[in-house]
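Read through the structure below, which is laid out as structure tokens, and then see the notes.
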Amino acid sequence: QVQLVESGGGLVQAGDSLRLSCAASGRTFSSTAMGWFRQAPGKEREFVAAISWAGGGRYYADSVKGRFTISRDNAKNTVYLQMNSLKPEDTAVYYCATLEMRLYGSKRPADFGSWGQGTQVTVSS
């Protein structure tokens, strides 16, 4: 099992940028795909982005494509989400989660394994 801890959330204005971090423990991190989800109050958990185990493959939700970039540094056991041109509709709790490579390409929360506790991102207009 991998333990995940998100950080980097905060209150920003529309158009600003944030970088979220997800620190992982466990020696299997580098061989596990990783994803980011978000959940706003009263809404279902929504897929944001995912990255392959080596970092060469990425896929995104249409709503964040061109604005967000997912990356990972396996030497630091950390995955990142660089969020640019933030919009009020990006406001949510952001979670990172593991994904077995056999399920790479999925956007379903149920396909993801270990989850972090989440970090709040609030974007004001």
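The figures that follow rest on heavy atoms only: side chains count, while hydrogens, waters and symmetry mates do not.
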Membership question, hydrophobic clusters at under 4.5 Å side-chain separation (ILVMFWY): are [Y] and [X] in the same one?
X: V12; Y: W36; result: yes
X: L103; Y: M101; result: yes
X: F47; Y: Y80; result: no

Exercise. Between F68 and L86, does a side-chain contact (heavy atoms from CB on, under 4.5 Å) hold up when you go through it step by step?
Worked result: CA-CA 9 Å; F68 291 9; L86 282 163; 3.9 Å; yes

Backbone of [Y] reached by a side-chain donor or acceptor of [X] within 3.5 Å:
X: Q117; Y: E6; answer: yes
X: S114; Y: V2; answer: yes
X: R72; Y: G55; answer: no

Hey, is [atom1] on [X] packed in by over 12 heavy atoms from elsewhere, all under 6.0 Å?
X: Q3; atom1: CD; answer: no
X: Q13; atom1: CD; answer: no
X: R19; atom1: CZ; answer: no

For this session: Check the angle between the aromatic planes of W115 and F37 and answer parallel, tilted or perpendicular using the 30° and 60° thresholds.
Result: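 The rings of W115 and F37 sit tilted, inter-plane angle from 30° to 60°.
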
Is there a side-chain contact between [X] and [Y] (heavy atoms, below 4.5 Å)?
X: Y59; Y: K107; value: yes
X: L20; Y: Y95; value: no
X: M34; Y: T98; value: yes
X: M83; Y: D90; value: no
X: S7; Y: T119; value: no
X: E46; Y: S63; value: yes

Using 0.5 Å steps for rounding, measure from the [atom1] atom of [X] to the [atom2] atom of [Y].
X: Y104; Y: E100; atom1: OH; atom2: CD; result: 15.5 Å
X: L4; Y: N77; atom1: CG; atom2: CG; result: 10.5 Å
X: C96; Y: I70; atom1: SG; atom2: CD1; result: 9.0 Å

For this session: Please report the closest heavy-atom contact between L18 and G8, naming both atoms and the distance.
Result: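 Closest pair (atom of L18, atom of G8, distance): CD2-O, 3.7 Å.
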
For this session: Considering non-hydrogen atoms only, spot the tightest contact between T78 and S21 and give its length.
Result: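 For T78 and S21, the tightest heavy-atom pair comes out as CG2-CB, 4.2 Å.
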
Problem set entry | Given V93, T91, V64, the one that forms side-chain contact (heavy atoms from CB on, under 4.5 Å) with R38 |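 Exactly one pass, corresponding to V64.
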
Problem set entry | Pair D62 + K65, salt bridge at N-O below 4.0 Å |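 Looking at D62 and K65, the cut-off is met.
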
